[in-house]
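Please read the structure below before turning to the comments.
Keep in mind that what you see is a predicted model, and the values were worked out from it rather than measured. A, B, ... follow the sequence lines: proteins, then strands. Residue 1 opens every chain.
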There are 2 protein chains.
Amino acid sequence: MPPIKVKMLDKDEAKPAAETGAKKPAKAGRPRTRIQREKQDVILEAALDVFSREGFRGATIDQIAEAAGMSKPNLLYYFPRKEEIYKRLMTEMLDVWLAPLRDIDSDGDPVPEIRSYIRRKLEMSRDFPRQSRLFANEMLQGAPRIIDVLSTDLKGLVDEKAKVLESWMERGKIRRTDPYHLIFSIWATTQHYADFDVQVRAVLGKGRGGEGRFEDAARFLETLFLYGLLPKQP
Amino acid sequence: MPPIKVKMLDKDEAKPAAETGAKKPAKAGRPRTRIQREKQDVILEAALDVFSREGFRGATIDQIAEAAGMSKPNLLYYFPRKEEIYKRLMTEMLDVWLAPLRDIDSDGDPVPEIRSYIRRKLEMSRDFPRQSRLFANEMLQGAPRIIDVLSTDLKGLVDEKAKVLESWMERGKIRRTDPYHLIFSIWATTQHYADFDVQVRAVLGKGRGGEGRFEDAARFLETLFLYGLLPKQP
DNA sequence: CAGAAATTTGACCAGTTGGAAAAATTCTTA
DNA sequence: TAAGAATTTTTCCAACTGGTCAAATTTCTG
């Protein structure tokens, strides 16, 4: 199971490293100095906030710059264009986001393996909701910038894990059902708590909408999938 | 069970009907002529396309106007501002979107009742994916324009249906579990097929990503929830 | 068909947006 | 510490944006 590095197309990647002595040294390359690393992080952090809320078109460089506490031209010194920031966020997010799925162990015990996958995905929704929303936003737009990653890397990974699930089904460890839609349903239910957080909180109200909601969700999902996947009783 | 009319705040609603003989007769009011009805529909249709993809900020009046096959000023003749179009889409969508939940019948047979709810929600994802995405987009932005509807009307409706589910649980008709998270999980899994359609198709690939995917999803979800909710065996 | 009402168009505008250029400032390091 | 590199600020711009306005055109209605 090779750890499939998710990597988006990046035109600049092929360029001959650019002239390093020109007027804008930081622009084309990866961070060279301490300040560059730090500021780029600040920018990415701010950009995550804005992009995850407004989507690519809806977000403005000004908003990001303000959130990052710097002027627009200054921001553009580190990322020469809006698109660059977005792409960076996308690749980083994809990588982290898929880790739990990658970590499903075909040699593990099926039920605990699935249970812990659900739990990890839910924890990600709790701890990194903006990344989830960023991804969701890109999906809603039809994934114009990552469609090829989805249909190659992601598809490959899911195909692989679907086979694992199928083998578990064949061995009678879990109920025989569609492994792809099983994975979709785990994605959907867990990411829902990040993407639709406002709704969840509004509906649960003051009483149950607090931090405890993730615990409740975990308990519920565990029950749902546990019994939903229980192999047929003899 | 009163049919709770979802209605967003609309400042114009209170105004004294505006002077009808002025230069801009169509603007403030509801459609009066045939042309107005027709064009408004064309605009709303086009706007749904754009807003559901780009979100409120990301969408431009020009895009909508072009999609509607008319000039921007012409469009603005029917909807004096961008926000009006969006609000109209929102209220209409909310109303339709919640119908299946409203229709859950407390006197019905629990299992078929839930099964048909899931099926209807899934059908809506298949037949009205853009409405689903419009809603999702608003959620991602923190639901700034409908948060009050969510915490009043929607919460009320869900509270009511949660009670129904609880009564079914008490009577041993379905497994005892959290009714709110049960509803969330149905929303999440069914809407996933509209909101994340690109991803679903990319992962399923040419082979299984065709129209059949909704049938497969329906079958899977039925199994998952059916067995997941099966009451404890004696 | 004439006049009025409704609709459409073209010109325009002020504010925003992504981004470029260059000057000004602040580090580094020989 | 002075020169060179890195960073930041100021100024600017062309395209885009939401929206206005009056004139032109089309569609009713008596």
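- Side-chain N/O atoms of B:Arg57 include none lying less than 4.0 angstrom from OP1 or OP2 on D:dT17.
- Atom pair B:Arg81:CZ and D:dG19:P shows a separation of 5 Å (rounding to whole Å applied).
- Put simply, the side chain of B:Glu92 reaches to within 4.5 Å of the side chain of B:Leu44, judged on heavy atoms.
- Among the heavy atoms of the strands, none lies under 4.0 Å from B:Ala65.
- Between B:Lys72 and the phosphate of C:dG10, there is no side-chain N or O to OP1/OP2 separation shorter than 4.0 Å.
- The existence of a salt bridge linking B:Lys87 and B:Glu83 is excluded, since no basic side-chain nitrogen approaches an acidic carboxylate oxygen closer than 4.0 Å.
- Using a cut-off of 4.0 Å between Lys/Arg side-chain N and Asp/Glu carboxylate O, B:Arg213 and A:Asp178 are scored as not salt-bridged.
- When the C1' atom of D:dC16 is taken as reference, atom NZ of B:Lys82 falls 12 Å away, rounded to whole Å.
- Ranked by how close their nearest DNA chain C nucleotide is to the 5' end, B:Leu75 and A:Pro73 are led by B:Leu75.
- Taking 4.0 Å as the cut-off between side-chain N and carboxylate O, B:Arg120 and B:Asp127 do not count as a salt-bridged pair.
- Checking the phosphate oxygens (OP1, OP2) of D:dT9, a side-chain nitrogen or oxygen of A:Ser71 falls inside 4.0 Å.
- Distances shown here put a side-chain N or O of A:Tyr78 below 4.0 Å from the OP1 or OP2 atom of D:dT8.
- Note on B:Thr60: only backbone sugar-phosphate atoms sit closer than 4.0 angstrom, heavy atoms only; bases stay farther off.
- Listed pair B:Asn74 / C:dT9 meets the phosphate criterion, a side-chain N or O lying under 4.0 Å from OP1 or OP2.
- Counting to the nearest Å, the P atom of C:dG19 and the CD1 atom of A:Ile61 are 5 Å from each other.
- Using a 4.0 Å cut-off, no side-chain N or O of B:Gln36 falls inside it from OP1 or OP2 of C:dA6.
- The cationic atom of B:Arg145 (NZ for Lys, CZ for Arg) lies less than 6.0 Å from the six-membered ring centre of B:Tyr86 and within 45° of the ring axis.
- In this entry the distance linking CG of A:Leu76 with C1' of C:dA20 reads 9 Å, nearest Å.
- Rounding to whole angstrom units, CD of residue A:Gln40 and C1' of D:dA6 are separated by 14 Å.
- OP1 or OP2 of D:dT7 has at least one side-chain nitrogen or oxygen of A:Tyr77 nearer than 4.0 Å.
- Protein atom CZ of A:Phe51 is 13 Å distant from nucleotide atom P of C:dT17, rounded to whole Å.
- Between the P atom of D:dT26 and the NZ atom of B:Lys39 lies a distance of 13 Å, rounded to the nearest Å.
- Across the protein-nucleic acid pair, A:Phe79 atom CZ and C:dA20 atom P stand 16 Å apart, rounded to whole Å.
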